[in-house]
Amino acid sequence: MQQLLDDIAVRARPLAVEGKVADYIPALARVPADRFALAVRMADGSEHATGDTDMAFSIQSISKLFTLAMAMEWIGDELWERVGREPSGMRFNSLIQLETERGIPRNPFINAGAIVVTDAILARRPMLESSFRTTMRLLAGTERPQYDEEVHRSETETGDLNRAIAYVLKAYGNLREDPMVVTRAYFRACSMAMSARELARAATFLMTPDHDGPFVRGDHAPRLRALMRLCGLYDQSGEFAYRVGLPGKSGVGGGILVVQPGRYTACAWSPPLDRFGNSVAATAALELLAAELG
Ligand code: GLN
């Protein structure tokens, strides 16, 4: 297994030159472009990793997977009156679709959808900031996960498009809290910093049906995987399904998390992104991994 992961790193890592590190959140641009990690956690609990696997990076939209899991657990089906379950076919931060569809986001993994999910959780758990951190620490099995203050500040300063999305949601009656409060909480979750190894571990609940972890009921896992498969990589979800074939969730920090039910979870990280906002080398690494492991 170690040999396999090392070989994948040798082949996938150089492809990072084809991408570009996200700089619309200025603090993300300071991350060295040549970082690379690939971590795999098998169903028996064994872990295998290569590269910068213990280096924490900004999980960004991978957080949407975990906030959705929290919302499904805490809110239940009424969540789906406010957000859809269809692929968007648009950029993750598109405002156009939200306007034409009168404030109902297509799915929980685009920014508009995640902002609604955040709003729904805030109504039940106003202390989302601390409960999200606690949840991620429990899932990762370590106290290490923490918010990156610089990334949070940087996104708060530059996040006008997300604030615009929140105000459109509010105007259509699909946001209860103040848009400034909701986007602040949304930016907070996006600024969580974790390593590839920690993320692979945190996703175990999506792989193992009898998982008895902190918060996720077993019957939510197949539904979360369905949404990951259809919407997890935005308007590249079809391409990712074709190439990698596993439910996944990406973030503009360069991480991609995948799960093969009953067998393994894996997280790849390389900061340079393609034009859809997904990591070039992480996609390639997961394609090679899935081809080998099934
Ligand atoms: N925080 C980022 C944003 O809202 C998350 C986007 C992403 O990772 N795709 O723009």
Side-chain angles (χ1 to χ4, degrees), residues 19-31 56-68 83 87-98 105-119 128-129 132 136 147-169 175 179-194 196 199 203 227-228 230-237 239-240 248-258 267-280 282-283:
K20 188 172 168 301
V21 178
D23 56 6
Y24 77 100
I25 301 172
L28 291 181
R30 64 163 200 220
V31 181
F57 61 91
S58 191
I59 72 170
Q60 291 296 321
S61 280
I62 298 176
S63 66
K64 295 176 167 84
L65 174 61
F66 296 97
T67 47
L68 177 62
V83 58
S88 75
M90 292 262 182
R91 248 193 100 70
F92 60 82
N93 53 6
S94 169
L95 196 58
I96 295 173
Q97 194 171 54
L98 188 63
R106 274 285 176 99
N107 68 65
F109 292 153
I110 52 172
N111 289 10
I115 290 169
V116 167
V117 168
T118 304
D119 181 62
L128 175 57
E129 187 171 325
F132 182 73
M136 297 316 293
Y147 296 115
D148 182 326
E149 296 299 336
E150 193 186 337
V151 169
H152 180 68
R153 206 174 317 114
S154 184
E155 187 162 17
T156 303
E157 279 166 17
T158 56
D160 291 327
L161 191 47
N162 285 317
R163 281 187 284 269
I165 288 171
Y167 278 101
V168 171
L169 290 165
L175 208 72
M180 294 300 282
V181 172
V182 183
T183 46
R184 198 195 127 78
Y186 164 79
F187 295 149
R188 210 67 183 132
C190 290
S191 77
M192 172 59 65
M194 291 171 72
L199 276 168
L227 290 163
M228 291 166 78
L230 289 168
C231 320
L233 283 91
Y234 318 112
D235 43 350
Q236 274 273 286
S237 300
E239 180 70 10
F240 191 80
K249 185 72 207 82
S250 64
V252 290
I256 305 179
L257 186 57
V258 295
C267 182
W269 173 51
S270 162
L273 311 176
D274 62 21
R275 66 194 171 87
F276 302 98
N278 301 315
S279 169
V280 178
T283 302

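As the structure lists them, so they are numbered: ligands from 1, and atoms in each ligand from 1. Here the structure is a predicted model, which means the values were calculated and not measured.
Residues Ser58 and Asp148 bring no donor and acceptor atom of their side chains to less than 3.5 Å of each other. In this structure, a donor-acceptor pair under 3.5 Å is present between the side chains of Asn111 and Asn162.
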Short N or O separations between ligand 1 and the protein, below 3.5 Å:
| unit_1 | atom_1 | unit_2 | atom_2 | d |
| --- | --- | --- | --- | --- |
| ligand 1 | 1 (N) | Gln60 | OE1 | 2.6 |
| ligand 1 | 1 (N) | Glu155 | OE1 | 3.0 |
| ligand 1 | 1 (N) | Glu155 | OE2 | 2.7 |
| ligand 1 | 4 (O) | Asn111 | ND2 | 3.0 |
| ligand 1 | 4 (O) | Glu155 | OE2 | 3.1 |
| ligand 1 | 4 (O) | Asn162 | ND2 | 2.8 |
| ligand 1 | 4 (O) | Tyr186 | OH | 2.7 |
| ligand 1 | 8 (O) | Ser61 | N | 3.1 |
| ligand 1 | 8 (O) | Ser61 | OG | 2.7 |
| ligand 1 | 8 (O) | Val252 | N | 2.8 |
| ligand 1 | 9 (N) | Ser61 | OG | 3.0 |
| ligand 1 | 9 (N) | Tyr234 | OH | 2.9 |
| ligand 1 | 10 (O) | Tyr24 | OH | 2.5 |
| ligand 1 | 10 (O) | Asn111 | ND2 | 3.4 |

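Taking CD of Glu129 as the start and OH of Tyr147 as the end, the distance is 5.5 Å to the nearest 0.5 Å.
Glu149 pairs by the salt bridge (charged side-chain N to carboxylate O under 4.0 Å, His left out) definition with Arg188, not counting sequence neighbours.
Between Tyr234 and Phe276, a ring centre-to-centre spacing not shorter than 6.0 Å is recorded.
Between the Asn278 side chain and the Leu233 main chain, a donor and an acceptor come within less than 3.5 Å of each other.
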